[in-house]
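One structure below.
Predicted, not measured: the structure shown is a model, and the values here were computed from it.
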Amino acid sequence: MADTKEFVEADNAEAIITRIEHKSRKIESLLKQFKPVEALKTALEGSPPNTRDERCKSANWLVVHRAIMAIKDVDGMFSSLDPEYYDILMKYLYRGLSTGDRPTCDQCLRIHEKLTEKAGLGCILRALADTANTV
């Protein structure tokens, strides 16, 4: 019975990876059109993947990371970003900070500051307390 569950999870993971690859192509297209906020919205949609598979989470992080790094006008981003994305964005910012990569950390801290101003401390608490939906 355990083998069946692992097989279903593996099939699900492959389907998720396929969706992430499609999302990645869409994001690259949006970035080429100079629409970084739309790219970020697309990256955050359906996140985190509903799986425990680390490959899926890593693949989705790469897509979100690409969109986060493309944001130049952080203040302008929040005039277009819907509040429904705030909590999930905060989770990805913490994932970015955990990489230790200087450019990624710098960008994540810039966005974190503005996001905290916009969404309040509750956004931070929800991101840190939600251990079921990890990114």
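- In this pair, Y92 and W61 present their aromatic rings parallel. The plane angle is below 30°, not in the 30 to 60° band.
- Taken from CG in L89 to CG in L81, the straight-line distance is 6.5 Å, to the nearest 0.5 Å.
- K91 places no side-chain N or O within 3.5 Å of a backbone atom of S47 that could act as its donor or acceptor partner.
- In this structure, Y85 has no ring-ring contact (aromatic ring centres under 6.0 Å, His included) partners at least two apart in sequence or on a different chain.
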Checklist entry - Stepwise, does the side chain to side chain contact (heavy atoms under 4.5 Å, CB included) test hold for I16 with D53? => result CA-CA 10 Å; I16 292 170; D53 190 300; over 6 Å; no
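- Counting only residues at least two apart or on different chains, the side-chain hydrogen bond (donor to acceptor under 3.5 Å, both in side chains) pairs with a member in residues 24-36 are E28-R66, S29-Q33, Q33-K35.
- The line from CG of L62 to NZ of K57 is 14.5 Å long, rounded to the nearest 0.5 Å.
- Expressed to the nearest 0.5 Å, how far CG of L93 lies from OG of S98 amounts to 11.0 Å.
- The shortest non-hydrogen separation linking G96 to C108 is CA-SG, 3.8 Å.
- Atom CZ of R126 is separated from atom CG of L121 by 10.0 Å, given to the nearest 0.5 angstrom.
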Next on the checklist: For D73 and V37: C-alpha separation, side-chain torsions, deciding distance, then whether side chain to side chain contact (heavy atoms under 4.5 Å, CB included) applies.
Outcome noted: CA-CA 9 Å; D73 179 14; V37 177; over 6 Å; no
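- Residues L97 and L40 share a hydrophobic cluster, clusters being chains of Ile/Leu/Val/Met/Phe/Trp/Tyr side chains in contact below 4.5 Å.
- The CD atom of E45 lies 12.0 Å from the CD1 atom of I88; values are rounded to the nearest 0.5 Å.
- Within the 4.5 Å cutoff, no side-chain heavy atoms of P36 are placed close to those of K72.
- Cluster membership check: L115 shares its hydrophobic cluster with I68, using side-chain heavy-atom separations under 4.5 Å among Ile, Leu, Val, Met, Phe, Trp and Tyr.
- In this structure, I27 and A39 approach most closely via the heavy-atom pair CG1-O, 3.6 Å.
- In this structure, Q107 contributes its side chain and H65 its backbone to no donor-acceptor pair below 3.5 Å.
- Applying the salt bridge (charged side-chain N to carboxylate O under 4.0 Å, His left out) test to every pair with at least one member in residues 94-106, sequence neighbours left out, gives these pairs: R102-D106.
- Within the 4.5 Å cutoff, side-chain heavy atoms of I111 are placed close to those of F78.
- Counting heavy atoms from C-beta on, the side chains of M90 and Y94 come closer than 4.5 Å.
- For the pair E84/L44, no side-chain contact is recorded, criterion being any heavy-atom separation below 4.5 Å from C-beta on.
- For the atom pair OG1 of T104 and CE of M69, the computed distance is 4.5 Å after rounding to the nearest 0.5 Å.
- Between E14 and R55 the shortest side-chain heavy-atom distance falls below 4.5 Å.
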